[in-house]
Structure formats: C-alpha cells, structure tokens
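Proteins get letters first, then strands, A, B, ... in listed order; numbering begins at 1 in each.
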Amino acid sequence: MKVEQISIFIENKSGRLAEVSGVLGDAGINIRALSLADTSDFGILRLIVNDTDKAFNVLREHNFTVSKTEVIGVEVPDSPGGLSSLLQTLDKNNINVEYMYAFVERSGDNAVIIFRFDDVDAAIDVLTKNSIRVIEGKKLTSI
Amino acid sequence: MEQQPTIWNPVAECMPREELLTLQLGQLQQTLMRVAENVPCYQGKFKEVGFNPGDLKDLSDLANLPFTTKEDLRLNYPYGMFAVPMRDVVRIHSSSGTTGKPTVVGYTKADLASWTELVARFMTAAGVTNEDIIHIAFGYGLFTGAFGLHYGSEAIGASVIPISGGNTDKQLMIMQDYRSSVLVCTPSYALTIADRMEKQGIAPESLALRVGLFGAEPWSEQMRVEIENRLGVIATDNYGLSEVMGPGVAGECLCKAGMHLAEDQFIAEIIDPDTCEVLPEGSVGELVLTSLTKQAFPMIRYRTRDITRLHYETCDCGRTFARMEKTRGRSDDMLIIKGVNVFPTQIEEVLFQIEGCQPHYQLVVERENNQDKLEVQVEVNEKIFFDEMKQQRAFVTEAEKKIHSALGLSVKVKLVEPSSITRHEGKACRVFDNRKN
Ligand SMILES: [Zn+2]
C-alpha cells in the first residue's frame, strides 16, 4: 500500500529546483509527483519517482540532504465534493493529515492525492473500511 | 624488544619547577642579547622603552617588554625578523594569512632538531610508539603541521604515511589497506572522514586506528567525544603556531587534563587582550609566548590571539610543565555584539547539544539601522533534516532559543545546504563580520 517518498532540503535560491530535476533527469529517473513546502529561507521538496533508491543515492552523491518517508496514494473521485468527503471521513476517525499534494497522472477517471499521515497504518485501515481506494505503491511509481 | 618510553624526555618534562624557572631566566637573557644584536625590529622596540638586554634580572621583568604581533611580522616581510644569516637557515615555512601577505618563518638545523623533539614528546604523551603507523593527513607544504608531525613520528621510530590532505576516499582506502593506527589531521577533517565512513558503511572497528592527534584549530570537548565515538580512537589535542614553532608548543598526555606546554623552550604569559595587562595565574586570557631556544626566528612576547588558561599543578602523568586548556577561540574571533562578548565556540557547543554532532556553521554579523544582527548559518544534514515543515521549523526555533539563553543575545538561525559554508585548507571560516565593511 505504502509508497516511499523522497524529501530534499533546498535553500530558497534560484536554480535549486532545476538542479534537482537536472540531477534526476541525467540519471534517467522520472518524477511522478512533487510538492514544495517553503519558508523565506529554505524549502522541503517532496518527490515520488519511478526509482526511489536510485534517486536517493544520486541526490546524496550530489551533496543534497535527503530522507525517505512513507506516504500513500489515494484515489479521489473527480467530482465536486470528492476530496471534502474523504477528509471528513479521516477527521471523524481521528486520522491526522500532516500534508498532502496531488499526483500528476490520473488513475482512470479519478484524481490521485498523496497523503502523509502521522499514523500510516491506522489511516490505511480507515480508508479501506470506508471503501476508499488506496493505490498500490508499485502501481503508483509506474503510473 | 626495546621498551618505548612513556615520557620522551623525563629530564626536561618532569623538571622541578624551581629548576625550570632558573633555566628559563638564563635562556631568556641569552635570547634577548641575540635579538638585540641581530634583529632591527627588536632593536627599535627595546630602544623605544629604554630597555637594554642586560637589564633583565628576573623573569617578572619580561612583563615590561613590548609585544610582538602579526603586524610586526608583516612589516618585516619576508626575512626581517630572522636572527641568523640565510646561510644558517635550512627551512622556510609560512603561515596562511587570512588577509594580505603570509608570514615567513625560518629554521636552523638546531631549530628543526628542537621542533622534532617537541613533537616526539607530545606524540609519546598521547601513547604513540614505534609500533604505530602514522597517517598524516595535514597538507604538506608551507604549512608547518605535516612536517612537524612527520619529524616527530620518525624520531619515535613509527612508520609514516605522508598522505597529505584531501581526497577522503583515497585516505580511507589507505587507512583500511595500510592499517593506519594514528590519524593526524584537523578535528574538523576527522569528522569529514567519519561522515564519509558512515556513507560508505565502513565501521570504525574494521580500521586499525587507535589514536588521533588533532590540532591546528580550536575544538570543543563535545567534539572530542564525537570523534572518539565515531572513529574509535583516543583523541588528543596539540597546539602550536608557525610563528612560534609549529605543532609541539603544547600537547596533551593521556590524562587529557590540558596540553603540556614546553616550558623549557617557551615562556607563556596570559594577558587581557584589551588592556594587555598580564593576568594572575589561573586567569582566562590571551596566550603570549616567548621563545627560549630558537635561533633563526626568536619571538619575544608574541601575541598568539588564542584565548586559554594555564594550570600549574603537577599532572598525574608526572610532567611538571604548565597545562594549557583547549583554546576557546581567538581574540580576533571574539565578536562584541550589542556589548556581549561572543566566541564562535560557545555557539558551537549549543549546536552540538541540539544536534548531537559537530555542526558546520558560520556566523554573520550585520548592522541594520544601527542594530547589530547575528545570523547563525547551520549546514543541514540528515540528522537535523525533517520531512515535515513544522518539525523543521521547530528545530530552528529551538536552536534560536538555546543560543539566546546561552549567550543572552537573540540570533537568527538559518539552515543552509550541505557544503555551502566555505572551508579553507580543511579549516572552516567561522566568522563574517560585515559591520566593518
Ligand atoms: Zn600530563
């Protein structure tokens, strides 16, 4: 169910994002989803890629500070209120969302949202019980 | 098999202090005669205060003599301070100046012999023997570090690997294959090696390293603990500066209770860096050194700019020489921010407590609207990098709070990418004071 996400520390200065994607591109790695959380000084770039270990190593070799985190990809009906009812379900079951961002590709008619929960296993449990589709990690990186 | 000594030169190193003071007085009188005769800079300085070398009757009279500073060495660049003709000089070294010209120092054959002796002393004090394989990762060149340790190692009869600085992967390969048992480098480079070992998955137990001789920059006790844990060595400190001799001026024994200062070759004073008054025994202040045996490049009351303290009780090891505490930074590095004295090492200690490892950091001081602002830039690493923004920001806030309570000064902590802080010959430049610009 879970998928590994790579987080990268980047300083808030021009060209750093391009450098990260350049390093990955040169290594033949495809970026499946990305989000950037930033402050005035620095940012945390989060990526889902097709080869997590390779991306992790190649970024480290290029002197980036990187870490791996477990996240999950959830299918959300691409209709009004789709996301909102999903969030309500999570809230009702006391599942905390640390952050979330949208996946680039779609899965059939549905949008894919990446979630980071403080308790991933509990979240998966709640989602499956409520018949919300959690996408296989392997499927997600190869979409 | 010949037994290795635990004290290289017991006659000198364990000399009763009364005898030592008599020896110092005689040697000081001779040194003053020689510089007054041969070094125009000292002729001028002595004349200015109306001093004749014959006037010095007691060691306490030394306090009446003028200081020698780095500026004097610069004004006399390159050979003006030499006290012997060039035909007697067999070696030139120089120290990397942060600004302007470097300073040039010279050694006669006898000077090289005493330097070798001093290094052999502190290496022996750290437990190094002729069985050891010494991995010298100081840069060979004009810098005194590598050659000093090289001579000392050979005197002891140990095997020297003169690998020089840089290329950490190669250093590690040689360390593994040649079974290096003693590592010689700066403490910050020791941590660079530890980082690389971790990345390559090399366990310290798989190496033959057992002793580290670290010097050439100030480092904290916490940093010692970290190096010892991560490299699996006994880490000892040694002190020296090329203007005075190079490494060997002082070095730690295994009691780790301060570095024994070679008082049979140098007189040490502690002064207040602002008033220049000699401070009473046991005070913290700037170390001032006078050479007693050097021929080519004698120094009278050289202001080292290093802040430390001296202890005079006899050490458990039996050596009677004064013990010098780890330097707390340089009087040049001391920042006065909003009237508060700040040493980079204080901030280093706080960062160490938070991170649990040696931080790469630098301090930038700016003046905005007549207000001094101190920014502490810290290189992020995997231990202090969090995927969640609120944790990452909490780290920054905690660092700011802790530094505030340690210094009584509010600072801004800024996280920067790895390797973005400039390192110069393995030494990090810690302070950028932009108020002067
Ligand atoms: Zn001792």
Exercise: identify the closest heavy-atom pair between A:Thr65 and B:Glu382: CG2-N, 3.7 Å
Separation of A:Ser67 OG from B:Glu388 CD (nearest 0.5 Å): 10.0 Å
Nearest-0.5 Å distance that lies between atom CG in A:Asn12 and atom CG in B:Leu415: 12.0 Å
OH (B:Tyr140) with more than 12 external heavy atoms under 6.0 Å: yes
Spatial distance of atom CZ (A:Arg46) from atom CE (B:Met389) [nearest 0.5 Å]: 7.0 Å
B:Phe386 side chain near A:Ile44 side chain, heavy-atom distance below 4.5 Å: no
Contact summary for B:Pro418 and A:Phe64, nearest pair of heavy atoms: CG-C, 4.4 Å
From CA spacing to verdict: salt bridge (charged side-chain N to carboxylate O under 4.0 Å, His left out), A:Arg16, B:Glu417: CA-CA 10 Å; A:Arg16 295 309 280 160; B:Glu417 284 174 21; 2.2 Å; yes
Atom CZ of B:Arg367: over 12 foreign heavy atoms under 6.0 Å: yes
Salt bridge (charged side-chain N to carboxylate O under 4.0 Å, His left out) between A:Asp41 and B:Lys412, intermediate numbers included: CA-CA 11 Å; A:Asp41 290 338; B:Lys412 173 183 158 64; 2.6 Å; yes
Side chain to side chain contact (heavy atoms under 4.5 Å, CB included) between A:Phe42 and B:Lys414, intermediate numbers included: CA-CA 8 Å; A:Phe42 66 87; B:Lys414 183 182 176 184; over 6 Å; no
Segment of A:Tyr99 engaging chain B (4.5 angstrom heavy-atom cut-off): side chain
Exercise: identify the closest heavy-atom pair between A:Ile8 and B:Phe385: C-CZ, 3.6 Å
Expected output: side-chain A:Glu11 to main-chain B:Val416 donor-acceptor under 3.5 Å: no
Charged N-O contact under 4.0 Å between B:Lys390 and A:Glu98: yes
Any side-chain donor near an acceptor of the partner, A:Gln5 and B:Asp387, under 3.5 Å: yes
